[in-house]
Amino acid sequence: MILLLPPLQKFGGTSLPERLAKALAQADRGALAAGEEAQLLRYFKPLPLRLPYAPLSRVTDIGLAETRDVQWLRADPAHIRPDINGARLLGIGRTVGIEQSDVDALLPALRPLFGDLGMLLDAPSPERWYLKLAAGATLPTFASPEQALGDDVFEHIPDGPEARRWRLLLNETQIVLHNHPHNEARLAAGRVPINSLWFWGGGALPDSISTSVTQVFSDEAGLRGAARLARIACGELSDYSATPSNVLIDLRQQRDWAGLIQHWLLPAAHTDAVLDFADGAVFTLRSNQRWRFWRKPLRTLQG
């Protein structure tokens with residue numbers, strides 16, 4: 001069993017149950033490359049060696065045949081709040097409380113901006129919007145939501161030869177959204193305005209993906225898309241039940257630290273498992289490690 005987990009530091013020193021504290025102390029520990037893509041590349045081997053989230057998540061939303069042979073970019077609805085020092089990204093996708101009625105109101109107003117540049121904007125899921133890019137489009141490096149949420153957006157503005165074009169396009173997008181009456185209605189209803197798009201995850205589908213994992217459970221559409229391209233079974237986290245030992249369970253989106261420990265990490269302490277944290281910390285648990293009884297229990301996930 002492999003558990004994909006948020007960064008170790010997110011647990012904030014949460015106390016561990018005795019059995020888990022002993023198991024982690026006795027486990028083999030490693031420090032690997034940090035970051036979500038590096039974390040996934042430990043278990044999925046794409047050709048070429050890259051996992052672009054936009055086309056992978058679109059496989060989940062639309063299907064494999066409709067996604068191939070085109071470059072895609074996520075353009076997710078976002079809420080940015082100005083403050084005294086700049087502007088912060090405070091919500092994206094599902095965290096802005098988006099519904100199909102928001103898509104129906106805002107998408108038609110934005111499509112001409114992109115259509116004039118040969119790009120198609122669509123939203124097969126309210127929380128996941130996509131740009132179908134023009135042939136031969138070159139993209140700057142965009143920050144993922146996980147990297148940028150809560151930060152000043154100016155810290156994550158891309159640079160490079162292509163970046164200026166995208167900054168101008170984003171400014172035009174924000175003007176359209178700021179002036180749209182639907183956002184006034186959202187504010188009147190006590191909801192935050194959708195006042196920007198967040199570009200990220202661009203690229204084309206890998207030619208193939210290989211993996212030794214036999215099944216994936218994840219609420220993240222990109223990972224489920226990677227599983228489909230690798231031709232292995234996949235489902236949402238709520239679908240999980242007893243499965244073969246080489247199953248991969250994606251817990252990176254969990255935010256209830258105590259619940260995650262109780263319902264996922266503690267049961268893993270009773271089996272062979274890999275606990276893979278997004279900041280590169282890895283604990284490998286095996287049943288024969290119980291003989292390392294001299295090791296002091298690890299009372300928190302920060303040591």
Side-chain angles (χ1 to χ4, degrees), residues 1-45 51 144-147 149-150 211-220 222-224 226-227 230 232-303:
M1 175 188 295
I2 300 164
L3 302 184
L4 294 186
L5 296 157
L8 198 64
Q9 64 181 7
K10 295 287 188 180
F11 289 83
T14 305
S15 297
L16 302 178
E18 185 70 21
R19 178 67 186 90
L20 180 59
K22 289 181 179 180
L24 293 179
Q26 295 162 358
D28 296 327
R29 298 182 65 171
L32 303 177
E36 287 195 353
E37 185 169 15
Q39 192 179 27
L40 293 180
L41 286 172
R42 294 197 263 280
Y43 309 103
F44 295 89
K45 304 301 180 186
L51 289 169
S144 71
E146 286 295 317
Q147 293 172 309
L149 270 171
T211 181
S212 61
V213 172
T214 58
Q215 198 166 8
V216 165
F217 293 95
S218 176
D219 291 336
E220 205 285 305
L223 181 48
R224 296 204 305 276
I232 61 173
C234 63
E236 296 183 357
L237 196 57
S238 59
D239 299 325
Y240 173 74
S241 59
T243 56
S245 59
N246 53 348
V247 65
L248 184 145
I249 303 171
D250 180 16
L251 302 169
R252 293 170 299 160
Q253 306 303 315
Q254 301 297 300
R255 295 297 180 265
D256 176 5
W257 310 124
L260 193 156
I261 289 170
Q262 188 66 35
H263 299 302
W264 293 100
L265 300 191
L266 183 57
H270 297 274
T271 185
D272 289 356
V274 175
L275 311 185
D276 189 328
F277 294 85
D279 49 8
V282 177
F283 294 79
T284 303
L285 286 68
R286 297 189 180 90
S287 56
N288 61 5
Q289 293 167 347
R290 64 182 182 276
W291 299 110
R292 300 172 177 176
F293 52 83
W294 62 87
R295 293 189 180 181
K296 185 178 179 180
L298 194 68
R299 296 299 180 186
T300 73
L301 279 171
Q302 292 184 331

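None of these values were measured; they are calculated from a predicted model. Hydrogens, waters and symmetry mates are skipped; everything else that's a heavy atom, side chains included, is used. Residue numbers run from 1 in the order of the sequence given.
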Should Phe44 and Ile232 count as side-chain neighbours, where that means a heavy-atom distance under 4.5 Å?
-> yes
First locate atom OG of Ser144, then atom CG of Leu149, and finally report the distance between them rounded to the nearest 0.5 Å.
-> 8.5 Å
May I have the list of side-chain donor-acceptor pairs in residues 263-272 shorter than 3.5 Å, sequence neighbours left out?
unit_1: Asp272; atom_1: OD1; unit_2: Ser287; atom_2: N; d: 3.0

Calculate, to the nearest 0.5 Å, the distance between atoms CG and CG belonging to Leu248 and Leu40 respectively.
-> 8.0 Å
About how many Å separate NZ of Lys45 and CG of Leu51, when rounded to the nearest 0.5 Å?
-> 9.5 Å
Test item: Leu275 and Leu24 side chains (from C-beta on) under 4.5 Å apart, heavy atoms | yes
Between Phe277 and Pro6 the two heavy atoms that sit nearest each other are CD2-O, 3.2 Å
What's the spacing between Leu251 CG and Leu4 CG if we round to 0.5 Å?
-> 7.5 Å
Test Val216 against Tyr43 for side-chain contact (heavy atoms from CB on, under 4.5 Å), laying out the working first.
-> CA-CA 11 Å; Val216 165; Tyr43 309 103; over 6 Å; no
Hey, are the side chains of Asp28 and Val282 touching, using non-hydrogen atoms and a 4.5 Å cut-off?
-> no
Would you say Asp219's side chain and Leu237's backbone share a donor-acceptor pair under 3.5 angstrom?
-> yes
For residues 252-260, please give each side-chain donor-acceptor pair under 3.5 Å, one per line with the distance, not counting sequence neighbours.
unit_1: Arg252; atom_1: NE; unit_2: Asp250; atom_2: OD1; d: 2.7
unit_1: Arg252; atom_1: NH1; unit_2: Tyr53; atom_2: OH; d: 3.3
unit_1: Arg252; atom_1: NH2; unit_2: Asp250; atom_2: OD2; d: 2.9
unit_1: Arg255; atom_1: NH1; unit_2: Arg252; atom_2: O; d: 2.9
unit_1: Asp256; atom_1: OD1; unit_2: Gly259; atom_2: N; d: 3.1
unit_1: Trp257; atom_1: NE1; unit_2: Lys10; atom_2: O; d: 3.3

Evaluate the side-chain proximity of Asn246 to Ser212: yes if any heavy-atom separation is below 4.5 Å, no if none is.
-> no
May I ask you to decide if Arg224's main-chain N or O and Ser218's side chain share a donor-acceptor pair within less than 3.5 Å?
-> no
Output the distance between atom CG (Asp279) and atom CG (Leu5), rounded to the nearest 0.5 Å.
-> 10.0 Å
Test item: Glu36 side-chain N/O and Ala278 main-chain N/O as donor-acceptor pair under 3.5 Å | no
Donor-acceptor contact below 3.5 Å, side chain Glu236 vs main chain Ser238 = no
Nearest 0.5 Å please: distance from the CZ atom of Arg29 over to the OG1 atom of Thr284.
-> 11.0 Å
